[in-house]
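First comes the structure, then the notes that go with it.
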Amino acid sequence: MTVLAEVEAEIAAALKRLQQAGRLPGDLALDAVEVEPTKDPRHGDLATNAAMVLAKPARMKPRDIADALVAELAALPGYVKVEVAGPGFVNISLAPGRWQAVVAEVRAAGATYGASDIGKGERLLVEYVSANPTGPMHVGHGRGAVFGDSLANLLAFAGYAVTREYYVNDAGAQVDVLARSAFLRYREALGENIGEIPAGLYPGDYLKPVGAALAQKFGDALLKQANDESAWLPVVRAQAIEMMLAMIKEDLAALDIRHEVFFSERALTEGGKDEIAETVAELRAKGLVFEGRLERPKGHDADDWEDREQTLFKSTDFGDDVDRALMKSDGGYTYFAGDMAYHHNKLARGFRHLINVFGADHTGYIKRMQAAVRALSDGKADLDIKVCQLVRLLRGGEPVKMSKRAGTFVTLREVVDEVGRDPIRFMMLYRKNDAALDFDLAKVVEKSKDNPVFYVQYAHARALSIFRNAAEAFAGLGRGDSDVTGADTSLLTDDGELDLLRRLALFPRVAEGAARAHEPHRIAFYLSDLASAFHAQWTRGNDSPHLRFIQANDRNLTAARLALVGACAQVIATGLAILGVHAPSEMR
RNA sequence: GACCCCGUAGCUCAGUUGGAUAGAGCAUCUGCCUUCUAAGCAGAGGGUCGCAGGUUCGAAUCCUGCCGGGGUCGCCA
């Protein structure tokens, strides 16, 4: 247990003792009591708001509760100074030994330092990317991909059994358009001059390989059926989807992203079953499906709007703005009906924790999806939808034109190839997901403090370089050597060292908070702070040689400092691993 | 018209889910490389947290109403 958790437990125990002694009401709920690191060192190391939040329910003065708590805590070992301040904070200064212990904590836990069990091993499904298999991914997809992947890492770190899933929209009109576009490329591959790609079809060159593959596989057999779309379309479609998906998987792999499950929309209604019909029937049995009319949508030139009675899902019962259509006028199911069936399937597979990562253009879809999950699970499952806002691609401050027509469309793959995986991943996580992001191709490869990727990686590289240098000065002071792992950490008394220790102690709390909030960016910012403290301590050694990590004439002190450096490197590496960014041992 | 996101230093953004005197980076200015990587560090200046109310011991954070920017609305996917 880290210091923070220990102190929390000790304060809870102290409050319980006060209750037992009759100095606090026995039925007082202690949930709201928090322990936080202080911002101002003059307020000590930690502070608790216990007296203030308990004052009202206990019907006592904050000051009286605080005084009682101070007396309890001051008597405990390791509490150097405990005092009441401000409106009723209890400020706590701990003996350095309490902080120094974090080095051993980190060493013992290794890559699991900061991991928690808040997920209790429960299964959780993160659905992300889910880009239509009709072409290459763009940068916006990349943001959702990186975010979803890191969130999955984070939640696994927090004790969930995580499944990463991609919903393949391989049914519906757009994949038919894909098939028609591919068919044209097929004819082209057979030597035909196809001229301009007609409007409404996908013009991209990326379909040429699909055409070539079809030509190789089928010769001119499909061409003979050209007038009978129902004959060739399913074959071409299947080939095109397969190849598009393969391309997408490759692009994702370039970002180190690998989904465990690719769930096919088409599969919902294939093989003699119809999960959409089953889902609708289930909702109908719950009285949530009815025939009715919708109002004409506003803010659009809905010229083709047709007022008619249709089959609706009563999503307004679950917080949605309007009820949602399930059937199209041609008798087919809406996309939403299929998506409900898909989520029904997730629930049937036993998931009770669902997270979907959406692009900004799907914000309007959130309420109905949550309504659907509530209805389908009888409120027993939770669905959190994280929206990644738009990415603006810039180069040196100038927007990069994104036009498919003009051929200046920038694919995700091109960006990965240009700037590399680490800068993309880190930069996309160095921002809250619900804030728009400017991604500057020139800036992300800049090697300066303006670029937090290199800043954090550099700290890790520096830490490891210390060990390389130490090996020259001392034998037996390698990272895992017993003289380092068993070093006397009470020698770590410099303010900068204590600052690092406190930050290391904070990591488990940061990781937990990030996991609970589904906010991986907190890890990125924490790492930036930790790296900053590490760089600062490093540079202090320039002016004050006695603060250098390696002290040629003091083996014990060097061992203690190396243990601290090792702990810093470990936490940086762990944090970067959650973000999916490499922790290099060297940067030159 | 409705819903969602954003609004914090000149710029780009954090702000530990309601805590104490609101923080970083960039940019500007002043310093630090003959020994652990200067891709680094130290310091200075810079603020009506969009506006107005409300909730309470306490609000950048929660509620209401405005203002500004972006996104969305359909039997598309």
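Here is how names work: the chains are called A, B, and so on, in the same order as the sequence lines, proteins then strands, and each is numbered from 1.
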Using modelled atom types only, decide if a donor and an acceptor are shared between the side chain of A:Gln370 and the backbone of A:Leu383 within a distance under 3.5 Å.
yes
Taking the minimum atom-to-atom distance to the side chain of A:Arg462, which one of B:rA38, B:rC57, B:rC75 wins?
B:rA38
Could you say whether A:Ala47 or A:Arg516 is positioned toward the 5' end of RNA chain B, judged by the nucleotide with the nearest heavy atom to each?
A:Arg516
Below 4.0 Å: OP1/OP2 of B:rA20 and any side-chain N or O of A:Lys39
yes
Could you give me the CA-CA distance, side-chain angles and deciding distance for A:Gln174 and A:Asn169, then say whether side-chain hydrogen bond (donor to acceptor under 3.5 Å, both in side chains) is met?
CA-CA 9 Å; A:Gln174 62 192 351; A:Asn169 297 136; 4.8 Å; no
Give me the distance, rounded to whole Å, that separates B:rG31 from B:rG23 when you measure between the P atoms they each carry.
27 Å
For B:rA20, is there a stacking contact with A:Phe89, counting only centres under 5.5 Å and planes under 30°?
yes
How far does the P atom of B:rU16 sit from the matching atom of B:rG69, given to the nearest Å?
28 Å
Within the structure, does a side-chain N or O atom of A:Arg540 lie under 4.0 Å from either OP1 or OP2 of B:rC32?
no
A:Tyr365 side chain N/O closer than 4.0 Å to the phosphate oxygens (OP1, OP2) of B:rG71?
no
Hey, does A:Leu151 have a side-chain heavy atom less than 4.5 Å from the side chain of A:Leu155?
yes
Between B:rU72, B:rC41, B:rG19, which one does the side chain of A:Asn49 approach most closely?
B:rG19
What integer distance in Å separates A:Arg431:CZ from B:rG25:C1'?
11 Å
Which nucleotide sits closest to the side chain of A:Asn169: B:rA77, B:rU17, B:rG71?
B:rA77
Between B:rU17, B:rA14, B:rA20, which nucleotide gets closest to the side-chain atoms of A:Ala85?
B:rA20
Determine the interatomic distance between C1' on B:rA39 and the same-named atom on B:rC49; round to the nearest Å.
33 Å
Take atom C1' in B:rG10 and the same atom in B:rA27, then report the distance between them in whole Å.
8 Å
I would like to know whether A:His343 and A:Asn356 meet side-chain hydrogen bond (donor to acceptor under 3.5 Å, both in side chains); could you show each step before the answer?
CA-CA 10 Å; A:His343 284 78; A:Asn356 293 357; 2.9 Å; yes
Looking only at the side chain of A:Arg522 (C-beta and beyond, no hydrogens), which of the listed nucleotides B:rG40, B:rC5, B:rU16 gets closest?
B:rU16
Pick the nucleotide of RNA chain B nearest each of A:Arg548 and A:Ile366; which residue has the one closer to the 5' end?
A:Ile366
How far does the P atom of B:rG43 sit from the matching atom of B:rA24, given to the nearest Å?
9 Å
Selection from B:rA14, B:rC41, B:rG19 that lies nearest to any side-chain heavy atom of A:Val53
B:rG19
Taking the P atom in each of B:rC13 and B:rC6, what is the distance between them to the nearest angstrom?
13 Å
Assess whether one donor atom and one acceptor atom, taken from the side chain of A:Thr363 and the base of B:rC4, lie less than 3.5 Å apart.
no
Are any of A:His521's side-chain N or O atoms less than 4.0 Å away from OP1 or OP2 of B:rG15?
yes
Of B:rC36, B:rC57, B:rC4, the nucleotide closest to the side chain of A:Ile466 is B:rC36
Do A:Asp40 and A:Arg42 sit within salt-bridge range, that is, some charged N less than 4.0 Å from a carboxylate O?
yes
Could you tell me whether the side-chain ring of A:Trp538 sits stacked on the base of B:rC36, using a centroid cut-off under 5.5 Å and a plane angle under 30°?
yes
A:Arg368 side-chain N/O to B:rG74 phosphate OP1/OP2 under 4.0 Å
yes
Phosphate contact (B:rU37 OP1 or OP2) by A:Arg468 side-chain N/O below 4.0 Å
no
Of all the choices, B:rU72, B:rC3, B:rA14, which nucleotide is nearest to the side chain of A:Asp321 once you look at every atom?
B:rC3
Check RNA chain B for consecutive Watson-Crick or G-U pairs with both distances under 3.5 Å and list the runs of at least three as stems.
B:1-7 with B:67-73, B:10-13 with B:23-26, B:28-32 with B:40-44, B:50-54 with B:62-66
Where do A:Glu275 and A:Thr269 land on the side-chain hydrogen bond (donor to acceptor under 3.5 Å, both in side chains) test, with the steps shown first?
CA-CA 6 Å; A:Glu275 293 190 36; A:Thr269 52; over 6 Å; no
What nucleotide among B:rC36, B:rA14, B:rC32 has an atom nearest to a side-chain atom of A:Asn469?
B:rC36
If you only use heavy atoms from C-beta on, which nucleotide in B:rC75, B:rG19, B:rC32 is closest to the side chain of A:Pro87?
B:rG19
Any A:Lys367 side-chain N or O less than 4.0 Å from OP1/OP2 of B:rA2
no
Between the side chains of A:Arg368 and A:Asp339, is the shortest nitrogen-to-carboxylate-oxygen separation below 4.0 Å, so that they form an ion pair?
no
What integer number of Å spans the P atoms of B:rU56 and B:rA14?
31 Å
Rounding to the closest angstrom, what is the interatomic distance between B:rU30 and B:rG68 at atom C1'?
39 Å
